[in-house]
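Contents: one structure, followed by commentary.
All values below were derived from every heavy atom in this structure, side-chain atoms included, with hydrogens, water molecules and symmetry-related copies excluded. Numbers here simply count residues along the sequence, with the first being 1. Owing to the predicted nature of the structure, the values given are computational and were not obtained by experimental measurement.
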Amino acid sequence: METRSENRCFGGVQGVYTHASNATGTDMTFGLFLPEEAKDGPVPVLWYLSGLTCTHENAMTKAGAQGWAAEQGIALVFPDTSPRGEGVADDEAFDLGQGAGFYVNATQDPWARHFRMWDYVAEELPALIGQTFAVDMDRQAITGHSMGGHGALTLAMGLPGRFRSVSAFSPICHPTRSDWGRKQFTAYLGPDEAAWASHDATLLMRDGGFDGPVLIDTGTDDQFGDLLKTEALAEAMAARRQDHALRMQRGYDHSYFFVSTFMEDHVSFHAEALYA
């Protein structure tokens, strides 16, 4: 693993690291914020999964999460959104290919060789971080934005017992019934829609839900509102009587101005679960 940078940040350290990934067959870069408490022993960890077109850097520099995490003594992990580099398949569209991994293991060519983001985020990167840094992998929570909100919800429900809490900013809630999902799932997973169900938060909520609290914020002026299918997830959570809060934030859009505005709420929400 190569240290790309380490900077003092809110009393802790914001690092950026690159390593060779067995899951993707490429080099992968991630950000990790460790609060000052990590000097004295392992701290709980909050994963942040980013959205379409993003790298590890977007949330790391725009979400304003480190200050709130430092107050709570929580580490933050910022993975990349896809494999990258020479020889990695790509597409001219912004919502497919590099920067658009959708947190699935692709089974279709040309994507299957490298696009194994589920394995990377669910298994390989947690193992690397747990072995290398002062992070308590028995106390994990997860959040994300847009495509990353989709990933946070599906990972939380698809890995029972892994995460104590899950939240999302403007998540893609029902991708099997959305243009943001059907296109990508067909490309990555093939035409059999049965293979898509384990990556649809609304279907997972209907089937089993999440054994912990859920927080979702979406803006009423989100320019991608029709693609998110927020109402479908809301109905599924209500039907299951899921422990949740879903807040429609008046006047907010899909940008990091929205994310950063409510980041304190999300970090505090996860801190309550992580320190329970």
Side-chain angles (χ1 to χ4, degrees), residues 19-31 45-56 59 77-85 88-91 95-130 137 140-163 166-168 171-176 178 180-205 207-210:
H19 69 104
S21 167
N22 291 325
T24 67
T26 66
D27 286 347
M28 296 293 291
T29 299
F30 66 94
V45 58
L46 174 60
W47 293 78
Y48 184 101
L49 305 186
S50 288
L52 289 165
T53 75
C54 292
T55 70
H56 69 281
V77 183
F78 303 100
D80 203 347
T81 56
S82 78
R84 301 177 190 274
V88 176
D90 202 6
D91 190 271
D95 57 355
L96 188 67
Q98 295 186 38
F102 267 77
Y103 304 101
V104 303
N105 287 339
T107 59
Q108 307 297 302
D109 291 332
W111 314 105
R113 180 181 178 188
H114 297 296
F115 281 72
R116 303 191 62 81
M117 288 302 294
W118 179 279
D119 283 352
Y120 178 68
V121 175
E123 303 299 337
E124 185 177 33
L125 187 54
L128 175 64
I129 289 173
M137 303 308 283
Q140 298 187 65
I142 191 165
T143 188
H145 174 227
S146 193
M147 178 186 74
H150 140 78
L153 290 166
T154 56
L155 282 158
M157 288 185 276
L159 298 170
R162 172 75 64 88
F163 301 103
V166 59
S167 74
I172 300 171
C173 297
H174 200 10
T176 62
S178 168
W180 267 5
R182 296 189 65 83
K183 169 187 175 180
Q184 292 81 3
F185 286 0
T186 300
Y188 292 145
L189 303 175
D192 182 3
E193 295 190 20
W196 303 358
S198 61
H199 298 287
D200 186 304
T202 295
L203 299 182
L204 290 168
M205 182 59 65
D207 185 55
F210 176 64

Ignoring hydrogens and angles, write down the donor-acceptor pairs under 3.5 Å from the side chains of residues 47-54, residues two or more places apart or on other chains.
from: Trp47; atom 1: NE1; to: Gln140; atom 2: OE1; distance (Å): 2.8
from: Tyr48; atom 1: OH; to: Tyr256; atom 2: OH; distance (Å): 3.2

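A donor-acceptor pair under 3.5 Å is absent between the side-chain atoms of Ser167 and the main chain of Thr143, judged by distance alone.
Two residues are said to be in side-chain contact when any heavy atoms from C-beta on lie closer than 4.5 Å; His56 and Met28 fail this criterion. The closest side-chain heavy-atom distance from Phe30 to Val121 is not below 4.5 Å. Side-chain atoms of Glu193 and Thr186, non-hydrogen and from C-beta on, never get closer than 4.5 Å to each other. Proximity of Pro83 to Phe115: side-chain heavy atoms (C-beta onward) are separated by under 4.5 Å at one or more points. Between Phe210 and Leu204 there is no side-chain heavy-atom pair separated by less than 4.5 Å.
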With side chain to side chain donor-acceptor pair (under 3.5 Å) as the criterion, how do Ser21 and Glu124 come out once you've worked through the C-alpha distance, each side chain's angles and the decisive distance to 0.1 Å? CA-CA 8 Å; Ser21 167; Glu124 185 177 33; 2.5 Å; yes

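To the nearest 0.5 Å, the span separating CG on Leu159 from CD on Glu123 amounts to 6.5 Å. For the atom pair CZ of Arg84 and OG1 of Thr29, the computed distance is 9.0 Å after rounding to the nearest 0.5 Å. To the nearest 0.5 angstrom, Thr26 atom OG1 is 8.0 Å from Tyr120 atom OH. Put simply, CG on Leu128 and CG on Asn22 are 10.5 Å apart, with the number rounded to the nearest 0.5 Å. Here Asp80 contributes atom CG and Asp27 contributes atom CG; the two are 11.5 Å apart, rounded to the nearest 0.5 Å. Distance check: His174 NE2 to Arg182 CZ gives 10.0 Å after rounding to the nearest 0.5 Å.
Nearest heavy-atom pair across His150 and Ile172 is CB-O, 3.4 Å. Residues Val77 and Ile129 share a closest heavy-atom pair of CG1-CD1, 3.6 Å. The heavy-atom pair separating Ala152 from Gly144 by the smallest distance is CB-N, 4.0 Å. Contact between Phe163 and Ala141 at its shortest, heavy atoms only, is CD2-C, 3.8 Å. Asp90 approaches Leu96 most closely through the heavy-atom pair OD1-O, 3.9 Å. Here the closest heavy-atom approach between residue Gln184 and residue Asp95 is recorded as NE2-O, 2.8 Å.
Applying the 6.0 Å contact sphere to CZ of Arg113 captures no more than 12 heavy atoms from other residues, nucleotides or ligands.
The side chain to side chain donor-acceptor pair (under 3.5 Å) analysis of residues 98-109, with sequence neighbours excluded, yields the pairs Asn105-Asp119.
Separation of the Trp118 and His199 ring centroids falls under the 6.0 Å cut-off.
Ring orientation note: the planes of Tyr188 and Phe102 are tilted relative to one another, at an angle of 30° to 60°.
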